**Student:** 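Below you'll find the structure I mean.
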Amino acid sequence: MKKFFVISGSSGVGKGTVIKEFLRRNPSFRLSISCTTRGKRDGEIDGVNYFFLNKNEFQNCIKNNEFLEWEEFSGNFYGTKREFVEKCLENDENLILEIDTKGALQVKSLMDNAVLIFIAPPSIEELEKRLRGRHTETEEAIQRRLNSIKLEIENSRQFDYMVVNDTVENAVKELEKIILEKV
Ligand code: 5GP
């Protein structure tokens with residue numbers, strides 16, 4: 001079965017930047033579009049960044065067993081449609097999922113052609129410095145975020161690969177080394 005790639009990593013780690021750069025250099029890959037109940041951010045487009053659903057619609061998808069995996073994350077629901085992934089693989093498309101570590105492990109337990117890659121900060125201390133450097137969050141919010149990052153690092157022990165994001169260039173190269181030989 002064709003392999004696909006599930007990438008996780010906490011926000012603040014620069015995961016988004018690394019994936020974006022990977023996609024720019026490897027345009028044959030497409031990013032899976034998840035469903036979410038969170039509000040649309042500025043510039044986000046329904047059907048491009050996410051499929052934006054209300055809680056009822058999301059619950060219905062759960063009931064109808066439409067999700068390959070779903071999770072509650074910071075009070076909002078996020079899920080990957082089974083059909084979306086299956087269609088892409090059937091069409092021989094190169095697919096990347098960007099989801100949280102719990103969702104990633106769920107996918108792996110269901111599909112053994114999933115390759116799990118964790119994007120890690122160079123160190124927790126470095127990440128703490130970055131988060132504090134933003135000056136946008138309260139101490140409590142920073143602690144909460146650090147705790148969830150520690151949990152994600154714990155989950156990532158069951159991942160297939162880890163890429164340390166010391167610089168975007170190095171991380172993208174590492175990612176290419178892992179992905180391009182398997183696809
Ligand atoms: P954001 O709200 O910043 O777009 O995403 C928040 C978190 O939800 C990120 O860690 C992202 O990887 C995760 N996420 C996005 N889509 C999915 C999904 O379909 N399933 C799961 N489990 N997590 C997702």
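Both backbone and side-chain heavy atoms feed into the values below; hydrogens, waters and symmetry mates do not. All of these numbers come straight from a predicted model, not from anything done at the bench.
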**Student:** When you check the gap from the basic side-chain N to the acidic O, do Glu181 and Lys177 get nearer than 4.0 Å?
**Tutor:** no

**Student:** Quick check for you: to the nearest 0.5 Å, what is the distance between Ser8 atom OG and Ile153 atom CD1?
**Tutor:**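 Going from OG on Ser8 over to CD1 on Ile153, the span is 12.5 Å.
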
**Student:** Counting neighbours of CD on Glu83 that are heavy atoms of other residues, nucleotides or ligands and sit closer than 6.0 Å, is the number greater than 12?
**Tutor:**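 Not buried by this count: 12 neighbours or fewer within 6.0 Å.
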
**Student:** To the nearest 0.5 Å, how far apart are NZ in Lys81 and CZ in Phe67?
**Tutor:**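 If I round to the nearest 0.5 Å, the distance is 6.0 Å.
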
**Student:** Looking at Arg145 and Glu128, does any basic side-chain N land under 4.0 Å from a carboxylate oxygen?
**Tutor:**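 No.
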
**Student:** Closest approach of Thr80 and Glu69, non-hydrogen atoms and distance?
**Tutor:** OG1-OE2, 2.6 Å

**Student:** Of all heavy-atom pairs between Gly47 and Ile33, which one has the smallest distance, and what is that distance?
**Tutor:** O-CD1, 3.3 Å

**Student:** Taking only Lys NZ, Arg NE, NH1 and NH2, and the carboxylate oxygens of Asp or Glu, determine whether Arg25 and Glu21 approach each other closer than 4.0 Å.
**Tutor:** yes

**Student:** Sort and list the pairs that fulfil side-chain hydrogen bond (donor to acceptor under 3.5 Å, both in side chains) and have at least one residue in residues 44-59, not counting sequence neighbours.
**Tutor:** Arg38-Glu44

**Student:** Which atoms form the tightest heavy-atom contact between Arg30 and Cys88, and what is the distance?
**Tutor:**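 Distance-wise, the nearest heavy atoms are NH1-SG, 3.9 Å.
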
**Student:** Can Ile96 be reached from Val168 by stepping across I, L, V, M, F, W or Y side chains whose heavy atoms are under 4.5 Å apart?
**Tutor:**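 Linked within one cluster.
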
**Student:** Is there a side-chain contact between Asp100 and Tyr78, using heavy atoms and a 4.5 Å cut-off?
**Tutor:** no

**Student:** Hey, are the side chains of Phe118 and Asn155 touching, using non-hydrogen atoms and a 4.5 Å cut-off?
**Tutor:** no

**Student:** Decide if atom NZ of Lys182 counts as having more than 12 heavy atoms of other residues, nucleotides or ligands within a radius under 6.0 Å.
**Tutor:**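 Buried by this count: over 12 neighbours within 6.0 Å.
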
**Student:** Take a 6.0 Å sphere around CG of Asp112 and say whether it holds more than 12 heavy atoms from other residues, nucleotides or ligands.
**Tutor:** no

**Student:** Distance from Leu68 atom CG to Met111 atom CE, nearest 0.5 Å?
**Tutor:**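 Leu68 atom CG to Met111 atom CE measures 6.0 Å (nearest 0.5 Å).
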
**Student:** If you look at every heavy atom in Val164 and Pro122, which pair is closest and at what distance?
**Tutor:** CG1-CA, 3.7 Å

**Student:** Quick check for you: to the nearest 0.5 Å, what is the distance between Arg132 atom CZ and Ile142 atom CD1?
**Tutor:**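 Rounded to the nearest 0.5 Å, the CZ-CD1 separation comes to 4.5 Å.
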
**Student:** Looking at every heavy atom in both Phe22 and Leu180, which two are closest together, and how far apart are they?
**Tutor:**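 Nearest pair, atom of Phe22 first, then Leu180: CZ-CD2, 4.4 Å.
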
**Student:** So which atom in Asn94 and which in Ser28 form the shortest heavy-atom distance, rounded to 0.1 Å?
**Tutor:**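 For Asn94 versus Ser28, the nearest heavy atoms are ND2-OG, 3.0 Å.
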
**Student:** When you look at CD of Glu139, are more than 12 heavy atoms from neighbouring residues, nucleotides or ligands closer to it than 6.0 Å?
**Tutor:**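 Yes.
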
**Student:** Rounded to the nearest 0.5 Å, what separation is found between the CD1 atom of Ile178 and the CE atom of Met162?
**Tutor:**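 So the CD1 of Ile178 and the CE of Met162 are separated by 11.0 Å.
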
**Student:** What I want to find out is whether Lys173 reaches Glu169 closely enough, with some N-O distance under 4.0 Å, to be called a salt bridge.
**Tutor:** yes

**Student:** Hey, is NZ on Lys108 packed in by over 12 heavy atoms from elsewhere, all under 6.0 Å?
**Tutor:** yes

**Student:** Does Lys129, at its NZ atom, have more than 12 non-hydrogen atoms belonging to other residues, nucleotides or ligands within less than 6.0 Å?
**Tutor:** no

**Student:** Between Ser156 (side chain only) and Phe159 (backbone N and O only), is there a donor and an acceptor less than 3.5 Å apart?
**Tutor:**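 No, Ser156 side chain to Phe159 backbone: no donor-acceptor pair under 3.5 Å.
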
